[in-house]
Amino acid sequence: MNETRQSIGSAPSSPDDLDVAVIGAGISGMYAVHRFRRAGLTVRAFDEAGDVGGTWWWNCYPGARVDSPGAPFYCYTFDRELVNEWEWAETQPDQPTILAYLRNFAEKYDIRRDVQFETRVENAEFDESTNEWVIELSTGERVRARFLVSAAGTLSAANLPNIPGIEDFAGPLHHTGRWPQDGCVDFTDKRVAVVGTGSSGVQVIPNIAKDASQLYVLQRTPQFVLPARNRPLDPALAERARDEWPDMRDRLVKTGRALPMATKSALDVSDEERRATYDAAWVQGGMAVRECYRDHMTNLEANEILAGYVRDKIVETIDAPTIAEKLLPTYIFGTKRLILGTDYYETYNRDNVRLLDIRSYPIDRFTPTSVQTGEGEFEIDLLILATGYDAISGALTRLDPVGRAGRHLTDNWAGGPRTYLGMAMTDFPNLFVVQGPQSPSVKYHYALGSELQVDWIAECILRMRAAGYETIEPEPETESAWGAKVADIANVTLYPRTDSWYSGANIPGKPRQFAVHLDGPGYHEELKNIAKGDYTGFRFDRAKSTRQEIA
Ligand code: NAP
């Protein structure tokens with residue numbers, strides 16, 4: 001260990017000080033509260049929402065439901081009792097069901113006792129004189145904690161586009177990720193515009209179309225939407241998951257998947273065999289078609305065969321060839337987050353739905369009562385923004401914590417996120433990020449990934465305590481090496497070749513960096529080894545102990 005830094009952490013903490021302050025009470029934050037408490041640490045989480053659930057609390061728009069991996073695997077994995085207790089009815093549970101599941105978790109583990117709701121963390125600053133984080137809350141309170149753990153989410157910082165005149169629009173305006181909790185957005189006989197056709201838009205559009213008198217869909221990039229085919233969960237699969245949970249969890253850890261992976265290449269089979277395989281997967285629905293062969297996301301030729309198959313399906317579904325033409329995606333299949341839809345393409349066959357291609361005919365402006373595009377002016381009563389998120393890093397950069405010597409995170413990240421393990425940053429001692437940029441985050445089983453990272457953090461804190469250390473921080477050179485490693489893994493795949501929220505390209509001015517570690521199983525193995533190996537790459541400061549004592 002490098003003990004070059006001076007330790008000043010001698011000022012006593014007040015009795016109210018926390019061991020750990022957690023930002024967020026969604027899937028990761030709730031687990032963090034549970035796990036840190038179990039480790040004997042004092043912990044409190046802060047969340048702007050009115051209750052637990054994080055993104056599942058906010059995203060209560062009509063049609064919101066989980067897509068991948070779906071039930072019975074979209075759940076916490078650490079407690080077999082919890083797995084056994086919960087009955088999933090459908091393969092892709094809807095938002096109220098997921099929220100009920102998360103509320104049940106909160107009840108079972110008495111999470112709310114240590115969560116302060118309707119409380120936004122406004123500022124976070126590391127106090128070098130006490131080696132504590134000082135956080136300022138929207139309530140005006142200040143809280144001190146030895147460790148700050150951000151569980152603020154990967155898809156939580158809403159992207160509100162800066163379109164001329166949008167602030168003048170006089171009717172109701174809702175972002176899908178900030179949907180009103182009272183559930184009373186009424187589309188009946190209304191003229192509605194939806195901007196955005198990502199996962200949120202694809203889910204909300206068919207539901208609005210059922211009630212609205214007129215729906216305008218403002219599409220910038222046509223997407224690949226696969227049929228979700230939500231259906232009752234096969235009781236045999238649910239039972240198998242319960243019976244074999246330890247093995248399934250083990251497989252999840254090692255592969256990131258609940259079910260086995262394909263081993264064949266799409267190029268190693270005859271056209272007939274491939275077609276039959278795709279047809280069967282298409283009927284099965286969900287992400288099955290992508291999973292038929294191992295190389296759809298690494299080999300452009302294999303990818304293009306599948307892309308052609310999906311484009312043909314889109315054309316078959318749409319009555320009017322001119323509309324089908326506008327809905328055909330041209331980017332590399334799957335390199336933007338794949339979307340699952342229910343009656344999505346069918347919706348464009350309805351008389352009350354009009355697709356506006358704002359790539360060819362951009363939005364000029366909104367007025368108090370309309371949207372004006374290159375195709376004309378369209379009177380609207382309601383405006384829905386399904387425009388996504390400042391993803392993965394946005395929640396943290398919007399907080400912009402201040403670390404050593406007054407360093408702002410956004411200064412250190414001016415060229416894109418710099419982290420070690422996607423969890424820790426030089427100049428920001430004792431700040432850990434769960435599901436952060438350069439970790440597997442959205443490309444690994446989300447709850448399991450959170451559990452493994454939080455477990456690692458809890459163990460690290462306990463070992464630091466035992467050894468008398470007050471701060472942990474990555475060595476500066478680890479960040480460049482980690483960033484290069486994450487990029488190398490991504491570059492083996494087709495993902496970085498497309499502009500997407502994975503790389504920040506959806507946010508004007510955001511530095512481009514493919515921010516997901518695409519080898520989740522390898523990542524978690526490495527995390528384990530780093531803890532076993534005396535926390536290689538980290539420096540610890542203070543107290544009376546030596547480096548050897550933590551090992
Ligand atoms: P998204 O995938 O980023 O889609 C945003 C949409 O808004 C895109 O069509 C985008 O067009 C458009 N857009 C953004 N800014 C715009 C602007 N200034 N003018 C016009 N159009 C604009 O966001 P999302 O649909 O909210 O989904 C984000 C992620 O959340 C998903 O990929 C998924 O991981 C997750 N999600 C999951 C579920 C689920 O089922 N579990 C549901 C919803 C969301 P471009 O493509 O041209 O940028």
Side-chain angles (χ1 to χ4, degrees), residues 26-27 54-56 58-71 73-74 90-95 97-99 153-166 174-179 193-205 207 216-226 228 230 286-287 327 329-331 334-342 344 355-366 371 373 383-392 394 435 441-444 446-447 495 498-510 516:
I27 289 175
T55 201
W56 288 108
W58 291 103
N59 279 268
C60 55
Y61 59 82
R65 57 176 67 243
V66 74
D67 45 19
S68 179
F73 303 111
Y74 190 84
E90 296 179 305
T91 54
Q92 288 148 33
D94 60 10
Q95 179 269 344
T97 304
I98 299 281
L99 195 57
T154 47
L155 294 158
S156 53
N159 171 37
L160 300 170
N162 185 14
I163 300 171
I166 199 161
H174 302 294
H175 186 281
T176 45
R178 297 251 134 186
W179 203 261
V194 175
V195 183
T197 54
S199 301
S200 306
V202 164
Q203 288 186 334
V204 82
I205 283 165
N207 286 284
Y216 299 104
V217 177
L218 286 79
Q219 171 193 265
R220 192 163 65 180
T221 307
Q223 298 263 21
F224 289 98
V225 181
L226 306 177
N230 176 44
M287 305 286 179
L327 286 163
T330 54
Y331 63 89
T335 49
K336 282 173 177 272
R337 167 63 150 71
L338 264 183
I339 299 172
L340 302 188
T342 301
Y344 176 66
L355 179 64
L356 299 176
D357 168 7
I358 56 170
R359 173 82 65 198
S360 307
Y361 305 98
I363 302 175
D364 294 324
R365 61 177 301 105
F366 284 93
V371 54
T373 82
L383 173 57
I384 304 303
L385 298 176
T387 44
Y389 299 89
D390 184 349
I392 308 176
Q435 306 287 11
S441 66
V442 293
K443 283 290 190 188
Y444 191 71
Y446 203 80
Y495 285 101
T498 298
D499 282 350
S500 69
W501 59 254
Y502 294 133
S503 56
N506 62 326
I507 302 295
K510 185 169 176 176
V516 186

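Each residue takes its place number in the sequence, starting with 1. Read the numbers this way: they start at 1 and go in the same order the structure lists the ligands and their atoms. Being a predicted model, the structure only gives us computed values, none of them experimental.
- Of all protein heavy atoms, the one closest to atom 47 (O) of ligand 1 is Thr221 OG1, 2.4 Å.
- The atoms of ligand 1 that sit less than 4.0 Å from any heavy atom of Gly196 are 6 (C), 7 (O), 9 (O), 12 (C).
- Side chains of Thr335 and Ser500 form no contact here, defined as non-hydrogen atoms less than 4.5 Å apart.
- For ligand 1, the polar-atom distance check finds an N/O of Asp67 within less than 3.5 Å of one of the ligand's N/O atoms.
- The closest donor-acceptor contact from the side chain of Asp67 to the backbone of Ala228 lies at 3.5 Å or more, if one exists at all.
- Only the backbone of Ala386 comes within 4.0 Å of ligand 1, counting heavy atoms alone; no side-chain atom from C-beta on gets that close.
- Remark: ligand 1 and Tyr389 share no N or O pair separated by less than 3.5 Å (distance only, no angle test).
- Taking the side chain as every heavy atom from C-beta outward, Asp499 and Tyr331 never approach each other to under 4.5 Å.
- Below 4.0 Å from some heavy atom of Arg65 lie the following atoms of ligand 1, by number and element: 39 (C), 40 (O), 41 (N).
- Heavy-atom proximity to Ile358, at under 4.0 Å, picks out these atoms of ligand 1: 20 (C).
- Annotation: side chain of Gln223 is not in contact with side chain of Val202 (no heavy-atom distance under 4.5 Å).
- With a 4.0 Å cut-off on non-hydrogen atoms, Tyr61 touches ligand 1 through its side chain and not its backbone.
- The two residues Tyr74 and Ile98 have their closest heavy-atom pair at CD2-CD1, 3.7 Å.
- In Asn59, neither the side chain nor the backbone holds a heavy atom less than 4.0 Å from any atom of ligand 1.
- If you number the atoms of ligand 1 from 1 as listed, the ones under 4.0 Å from a heavy atom of Gly388 come out as 3 (O), 5 (C), 23 (O), 24 (P), 26 (O).
- In this structure, His174 and Trp179 have tilted ring planes: the angle between them lies in the 30° to 60° band.
- Side-chain contact annotation: Tyr61 with Gln203, donor-acceptor N/O pair under 3.5 Å present.
- The closest non-hydrogen atom to atom 36 (N) of ligand 1, taken over Ser199, Ser68, Gly201, comes from Ser199.
- The distance criterion of under 3.5 Å between nitrogen or oxygen atoms is met by Ser200 with respect to ligand 1.
- Shortest contact from atom 28 (C) of ligand 1 to any protein heavy atom: Trp501 NE1, 3.7 Å.
- The proximity of Leu155 to ligand 1, defined as any non-hydrogen pair under 4.0 Å, is limited to the side chain.
- Neither the backbone nor the side chain of Leu340 comes within 4.0 Å of ligand 1, counting heavy atoms alone.
- Using a 4.0 Å cut-off to heavy atoms of Val195, the atoms of ligand 1 that qualify are 20 (C), 21 (N).
- The single protein non-hydrogen atom nearest to atom 15 (N) of ligand 1 is Arg220 NH2, 3.5 Å, given as residue, atom name and distance.
- By the side-chain hydrogen bond (donor to acceptor under 3.5 Å, both in side chains) test, Thr221 pairs with Arg359, sequence neighbours left out.
- Distances shorter than 4.0 angstrom occur between a heavy atom of Arg359 and an atom of ligand 1.
- In terms of N/O distances under 3.5 Å, ligand 1 is approached by Lys336.
- In this structure, the side chains of Leu160 and Ile166 stay at 4.5 Å or more apart for every pair of heavy atoms.
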* To do: Could you give me the CA-CA distance, side-chain angles and deciding distance for Tyr344 and Ile205, then say whether side chain to side chain contact (heavy atoms under 4.5 Å, CB included) is met?
  => CA-CA 7 Å; Tyr344 176 66; Ile205 283 165; 4.0 Å; yes

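- Considering both main-chain and side-chain atoms, Thr176 never comes within under 3.5 Å of ligand 1 through any nitrogen or oxygen pair.
- Residues Lys336 and Thr498 come closest through the heavy atom pair CG-CG2, 4.1 Å.
- At a 4.0 Å cut-off, not a single heavy atom of Tyr446 sits close enough to ligand 1 to count as contact.
- Here the side chains of Leu356 and Tyr361 are not in contact, with every heavy-atom distance at 4.5 Å or above.
- Shortest non-hydrogen contact noted between Gly286 and Leu226 is O-CD1, 3.6 Å.
- Protein heavy atom in closest approach to atom 18 (N) of ligand 1: Pro161 CB, 3.3 Å.
- The Thr197 neighbourhood of ligand 1 comprises atoms 6 (C), 8 (C), 9 (O), with distances under 4.0 Å to a heavy atom of that residue.
- Relative to atom 4 (O) of ligand 1, the option among Pro329, Ala505, Gly198 with the closest non-hydrogen atom is Gly198.
- In this structure, Asn159 contributes its side chain and Thr387 its backbone to a donor-acceptor pair below 3.5 Å.
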